[in-house]
Amino acid sequence: MKCIHCDIEMITASMDTGLTTGSLFYIWKKEKGVFSSTKKSEVKVYVCPECGYIELRADKPKNLI
Ligand SMILES: [Zn+2]
């Protein structure tokens with residue numbers, strides 16, 4: 001994936017809260033109702049080594065459907 005600003009290849013990186021090292025970012029979605037399960041997907045982080053632009057992408061977006 002290329003940076004939309006610099007047109008150079010972006011690198012993957014990890015992002016977390018800093019509170020728990022090694023924790024991952026997730027996006028999640030909960031259906032209405034007490035017994036429904038929470039759907040979640042890991043988030044992939046791409047960063048441009050030139051300008052620092054960050055792009056986030058759901059690793060398994062179909063998990064949220
Ligand atoms: Zn860039």
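Each residue takes its place number in the sequence, starting with 1. All heavy atoms count here, side chains included; hydrogens, waters and symmetry mates do not. This is a predicted model, so every value here is computed, not measured. Counting starts at 1 for both ligands and their atoms, following the listed order.
Using a 4.5 Å cut-off on side-chain heavy atoms (C-beta onward), Tyr53 and Ile4 make contact. By the 4.5 Å heavy-atom criterion applied to side chains, Asp59 and Lys44 are counted as neighbours. By the 4.5 Å heavy-atom criterion applied to side chains, Arg57 and Tyr46 are counted as neighbours.
Excluding waters, the protein N/O/S atoms found under 2.8 Å from the Zn ion (ligand 1) are Cys3 SG, Cys6 SG, Cys48 SG, Cys51 SG.
Between the Lys2 side chain and the Met10 main chain, no donor and acceptor come within less than 3.5 Å of each other.
Here Cys48 contributes atom SG and Asp7 contributes atom CG; the two are 10.0 Å apart, rounded to the nearest 0.5 Å. Annotation: the span from Ser41 atom OG to Ile65 atom CD1 amounts to 10.5 Å, rounded to 0.5 Å.
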